[in-house]
Amino acid sequence: MNVLTKRLALTGALLIAGAGLSGCGATGTVQETVEQVSAATTLAKGVPDSATPAFRYSVKGAQQSFTGVLDAPNKSVTSDFFEKIPDSDMTLTMRFLVIGEQAWARISFDNAPAGAGLPKFPKKWMKLDQSRLSKDSSEDLTYAGETDPGYVSTLLTAGADLKETGGGTYAGTTDLTRATDAEIVDADTLKALGAKAKAVPLEVTLDAEGRVIRAVVRIPAAGKAKASTYEVVYDQYGKATPITAPSGAVAAPADAYELLNG
């Protein structure tokens, strides 16, 4: 039983057993509350956990979008990041593969002009030496029990008014001020949203087996930030490409550690 399920169980017990919900209009209130608790519990069960077989994931619209494969039972994960360099045609591509405490990386500056002075990295996977990584980088590149890269559980914990709308899809709201771990918006945008940040639209879809396959948060425009969408997709449960240690990997050069350690 995870933290979210414990909270829902406690909330449900208090709502059903503790309140004197009788008299005119109470039946509808109880029914609506029970439906919301039931929906939240169903969604919580659909979030990947440590026993979930390997699946593919995609997170878009956050401060940093990324994709990859997560295999919690085998303590392994891959993450691919693509970052467009402002005012240029260049893209920084970083791919990471982690198995337990071992990590590999592939890094490139795509479309970099000649003479840009940027480091050139091997095209093969680079084996990283954890002792040469900063504390933060080492922690990021070590499997530490991650199961939910898109923070769907966090969005549900901060959720409210969740109801099934049909076809395995549930809708409600989530409180961005309680979901900062997901890094959906930056601090300035969160401040600009004000009270709106506490109830932004949330939609979650389950597959036929009750597993989360999509979560969408719609963020309204605020301050200098335009309206945006945060989307998490989980698919290929049990069918994602297995994660294995790369063959023919080379030792990472000093430039790789300089970049990763910031």
Hydrophobic clusters join Ile, Leu, Val, Met, Phe, Trp and Tyr when side-chain heavy atoms are under 4.5 Å apart, directly or via other members; which others share one with V233?
none
Taking [atom1] in [X] as the centre, count heavy atoms belonging to other residues, nucleotides or ligands within less than 6.0 Å. Is the count above 12?
| X | atom1 | answer |
| --- | --- | --- |
| K124 | NZ | no |
| K127 | NZ | yes |
| E101 | CD | no |

Measure across [X] and [Y] and return the closest heavy-atom pair with its distance rounded to 0.1 Å.
| X | Y | result |
| --- | --- | --- |
| P253 | F121 | CG-CD2, 4.2 Å |
| T165 | A171 | CG2-CB, 3.8 Å |
| R106 | K123 | NH2-O, 3.0 Å |
| I99 | A245 | CD1-N, 3.5 Å |
| P119 | F109 | O-CD1, 3.8 Å |
| G100 | V98 | O-CG1, 3.6 Å |

Enumerate the residue pairs fulfilling side chain to side chain donor-acceptor pair (under 3.5 Å) with a member in residues 64-78, sequence neighbours excluded, ordered by first and then second residue.
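Non-adjacent pairs meeting side chain to side chain donor-acceptor pair (under 3.5 Å): D71-N74.
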Is the shortest heavy-atom distance from the side chain of [X] to the side chain of [Y] under 4.5 Å?
| X | Y | result |
| --- | --- | --- |
| T157 | Y151 | no |
| I243 | L97 | yes |
| L155 | I184 | yes |
| P201 | T173 | no |
| L260 | L128 | yes |
| T142 | Q130 | yes |
| T91 | E83 | no |
| K84 | L92 | no |

Begin from the C-alpha positions of Q102 and Y143 and carry the test side chain to side chain contact (heavy atoms under 4.5 Å, CB included) through to its verdict.
CA-CA 8 Å; Q102 299 186 80; Y143 183 79; over 6 Å; no
I'd like to know if the side chain of [X] pairs up with that of [Y] as donor and acceptor (distance under 3.5 Å, no hydrogens or angles considered).
| X | Y | value |
| --- | --- | --- |
| D49 | T52 | yes |
| T154 | D181 | no |
| Y57 | D235 | no |

The criterion is ring pair (Phe, Tyr, Trp, His ring centres under 6.0 Å); which residues satisfy it with [X], sequence neighbours excluded?
| X | value |
| --- | --- |
| Y230 | none |
| Y257 | none |
| Y237 | F55 |

So how far is it from [X] [atom1] to [Y] [atom2], rounded to the nearest 0.5 Å?
| X | Y | atom1 | atom2 | result |
| --- | --- | --- | --- | --- |
| L176 | K198 | CG | NZ | 10.0 Å |
| L156 | L202 | CG | CG | 6.5 Å |
| T189 | D186 | OG1 | CG | 3.5 Å |
| E203 | E231 | CD | CD | 10.0 Å |
| F66 | F81 | CZ | CZ | 5.5 Å |
| S108 | L118 | OG | CG | 11.0 Å |

Side chain [X], main chain [Y], donor-acceptor under 3.5 Å:
| X | Y | result |
| --- | --- | --- |
| Y234 | G150 | yes |
| D188 | A225 | no |
| S138 | S134 | no |
| E139 | S137 | no |

Result block: side-chain N/O donor-acceptor pairs under 3.5 angstrom for residues 205-213, not counting sequence neighbours:
from	atom 1	to	atom 2	distance (Å)
T205	OG1	T169	OG1	3.3
D207	OD1	E209	N	2.9
D207	OD1	G210	N	3.0
D207	OD1	R211	N	2.8
D207	OD2	R211	NE	2.8
D207	OD2	R211	NH2	3.0

Going through the distances and angles, do T229 and I219 end up as a side chain to side chain contact (heavy atoms under 4.5 Å, CB included)?
CA-CA 6 Å; T229 300; I219 304 99; 5.9 Å; no
Under the side chain to side chain contact (heavy atoms under 4.5 Å, CB included) rule, what do L141 and F96 come out as? Steps first, then yes or no, please.
CA-CA 8 Å; L141 294 170; F96 300 102; 3.6 Å; yes
Would you please test T93 and I107 for side chain to side chain contact (heavy atoms under 4.5 Å, CB included) and show each step?
CA-CA 6 Å; T93 299; I107 305 172; over 6 Å; no
